[in-house]
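Notes follow the structure.
Start at 1 with the first residue, then count along the sequence.
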Amino acid sequence: MPAATTLVGPGETARPVPNLDAPHSLEREVHRRLQAQPGLEIKSLVVRRTPNGVCLEGRIEMPDGNVDLRQLMIGVPGLNELINHLVVCSPGPGHEVAPPRRG
(Lines give C-alpha, C1' and ligand atoms only; values in the text may rest on other atoms or scores of the structure.)
Protein backbone atom coordinates (compact mmCIF):
# COMPACT_ATOMS: atom_id res chain seq x y z
CA MET A 1 0.00 0.00 0.00
CA PRO A 2 1.52 3.36 -1.00
CA ALA A 3 2.26 5.86 1.71
CA ALA A 4 0.17 9.00 1.89
CA THR A 5 1.66 12.21 0.57
CA THR A 6 1.40 15.01 3.08
CA LEU A 7 0.65 18.34 1.47
CA VAL A 8 1.69 20.31 4.54
CA GLY A 9 5.35 21.27 4.44
CA PRO A 10 7.82 21.84 7.28
CA GLY A 11 6.84 24.83 9.38
CA GLU A 12 3.31 24.91 7.92
CA THR A 13 0.15 24.09 9.76
CA ALA A 14 -2.56 21.84 8.41
CA ARG A 15 -5.40 23.67 6.73
CA PRO A 16 -8.66 22.99 8.53
CA VAL A 17 -11.27 21.13 6.54
CA PRO A 18 -13.83 23.82 5.82
CA ASN A 19 -17.54 23.37 6.11
CA LEU A 20 -17.92 22.99 2.36
CA ASP A 21 -20.96 24.61 0.80
CA ALA A 22 -21.69 21.90 -1.74
CA PRO A 23 -21.46 18.14 -1.28
CA HIS A 24 -18.40 16.63 -2.92
CA SER A 25 -16.80 20.04 -3.65
CA LEU A 26 -13.35 18.81 -2.52
CA GLU A 27 -13.59 15.78 -4.80
CA ARG A 28 -14.74 17.96 -7.72
CA GLU A 29 -11.85 20.40 -7.24
CA VAL A 30 -9.31 17.56 -7.28
CA HIS A 31 -10.91 16.17 -10.45
CA ARG A 32 -10.97 19.64 -12.06
CA ARG A 33 -7.25 20.17 -11.37
CA LEU A 34 -6.38 16.83 -12.94
CA GLN A 35 -8.52 17.57 -16.02
CA ALA A 36 -6.85 20.96 -16.46
CA GLN A 37 -3.34 19.45 -16.49
CA PRO A 38 -1.94 19.74 -20.07
CA GLY A 39 -1.34 16.36 -21.66
CA LEU A 40 -3.05 14.38 -18.92
CA GLU A 41 -5.94 12.16 -19.98
CA ILE A 42 -8.17 10.59 -17.33
CA LYS A 43 -9.15 7.05 -18.29
CA SER A 44 -10.85 6.27 -14.97
CA LEU A 45 -10.84 8.15 -11.69
CA VAL A 46 -12.36 7.69 -8.26
CA VAL A 47 -11.76 10.40 -5.66
CA ARG A 48 -12.63 9.31 -2.12
CA ARG A 49 -12.54 11.59 0.87
CA THR A 50 -10.38 10.54 3.82
CA PRO A 51 -10.17 12.15 7.27
CA ASN A 52 -7.32 14.47 6.15
CA GLY A 53 -7.79 14.68 2.40
CA VAL A 54 -8.48 12.30 -0.47
CA CYS A 55 -7.52 8.94 -1.94
CA LEU A 56 -7.15 8.77 -5.74
CA GLU A 57 -7.78 5.49 -7.56
CA GLY A 58 -7.89 4.84 -11.29
CA ARG A 59 -5.84 5.18 -14.46
CA ILE A 60 -4.44 8.28 -16.18
CA GLU A 61 -2.27 8.72 -19.26
CA MET A 62 0.58 11.20 -19.59
CA PRO A 63 2.96 11.40 -22.57
CA ASP A 64 6.02 11.33 -20.29
CA GLY A 65 4.32 9.11 -17.69
CA ASN A 66 5.05 11.60 -14.92
CA VAL A 67 2.75 13.93 -13.00
CA ASP A 68 3.57 15.78 -9.76
CA LEU A 69 0.32 15.34 -7.84
CA ARG A 70 1.69 17.01 -4.73
CA GLN A 71 2.48 20.22 -6.59
CA LEU A 72 -0.77 20.07 -8.53
CA MET A 73 -2.93 19.79 -5.40
CA ILE A 74 -1.19 22.32 -3.14
CA GLY A 75 -3.66 24.98 -2.08
CA VAL A 76 -6.85 22.92 -2.31
CA PRO A 77 -8.79 23.90 0.84
CA GLY A 78 -9.14 20.99 3.26
CA LEU A 79 -6.64 18.79 1.38
CA ASN A 80 -3.79 18.00 3.75
CA GLU A 81 -3.08 14.44 2.63
CA LEU A 82 -3.18 12.69 -0.75
CA ILE A 83 -3.19 8.91 -1.01
CA ASN A 84 -2.17 7.99 -4.55
CA HIS A 85 -3.43 4.68 -5.94
CA LEU A 86 -3.36 5.92 -9.54
CA VAL A 87 -1.82 3.92 -12.36
CA VAL A 88 0.01 6.36 -14.66
CA CYS A 89 0.63 5.13 -18.23
CA SER A 90 2.10 6.58 -21.38
CA PRO A 91 -0.29 6.67 -24.34
CA GLY A 92 0.23 4.00 -27.01
CA PRO A 93 1.90 4.80 -30.36
CA GLY A 94 -0.10 7.08 -32.62
CA HIS A 95 -2.28 8.20 -29.73
CA GLU A 96 -2.77 11.91 -29.30
CA VAL A 97 -3.76 13.22 -25.92
CA ALA A 98 -6.81 15.47 -25.97
CA PRO A 99 -6.24 19.11 -24.97
CA PRO A 100 -7.32 20.07 -21.45
CA ARG A 101 -10.99 20.83 -20.97
CA ARG A 102 -12.01 24.36 -20.15
CA GLY A 103 -14.75 25.23 -17.78
Side-chain angles (χ1 to χ4, degrees):
M1 180 176 204
T5 299
T6 302
L7 300 176
V8 180
E12 296 178 334
T13 57
R15 294 176 297 275
V17 177
N19 185 5
L20 301 169
D21 294 338
H24 308 292
S25 60
L26 176 61
E27 294 91 330
R28 280 196 310 272
E29 176 61 15
V30 168
H31 192 274
R32 185 196 66 73
R33 286 187 181 212
L34 284 171
Q35 278 186 317
Q37 184 69 19
L40 185 145
E41 186 173 341
I42 298 171
K43 294 299 187 178
S44 66
L45 179 65
V46 176
V47 182
R48 288 193 173 90
R49 190 174 293 218
T50 64
N52 293 315
V54 295
C55 175
L56 302 179
E57 296 176 349
R59 182 173 167 259
I60 60 174
E61 287 186 353
M62 281 290 283
D64 63 3
N66 189 20
V67 61
D68 186 352
L69 293 173
R70 184 184 192 283
Q71 185 65 34
L72 190 61
M73 298 300 164
I74 286 178
V76 175
L79 186 59
N80 298 309
E81 179 180 72
L82 177 73
I83 301 170
N84 181 10
H85 288 247
L86 289 174
V87 175
V88 181
C89 304
S90 294
H95 182 272
E96 293 184 22
V97 177
R101 295 180 188 153
R102 303 287 179 215

Determine the minimum heavy-atom distance between P63 and G39, stating which atoms define it. CD-O, 3.2 Å
Between atom NE2 of H24 and atom NE2 of H31, what is the distance when rounded to the nearest 0.5 Å? 13.5 Å
Rounded distance (nearest 0.5 Å) linking atom CG of N84 with atom CG of L69: 5.0 Å
Between M62 and P38, what is the shortest heavy-atom contact and its length? CE-O, 4.2 Å
Quick one: pull up CZ in R32 and CD in E27 and give me the separation to the nearest 0.5 Å. 14.5 Å
Checking side chain to side chain contact (heavy atoms under 4.5 Å, CB included) between L86 and each of I42, V46, I60, V67, which is the one that passes? I60
Using only atom types and a distance under 3.5 Å, with no angle test, would you say the side chain of S44 pairs donor to acceptor with the backbone of G58? no
Does a side-chain heavy-atom distance below 4.5 Å link E29 with R33? yes
Closest heavy-atom contact between L40 and L34? CD2-O, 3.4 Å
List for me each residue that meets side-chain contact (heavy atoms from CB on, under 4.5 Å) alongside S90, sequence neighbours excluded, and say none if there are none. none
Separation of R49 CZ from L26 CG (nearest 0.5 Å): 4.5 Å
Yes or no on side chain to side chain contact (heavy atoms under 4.5 Å, CB included) for V30 and M73, after CA distance, side-chain angles and deciding distance? CA-CA 7 Å; V30 168; M73 298 300 164; 3.7 Å; yes
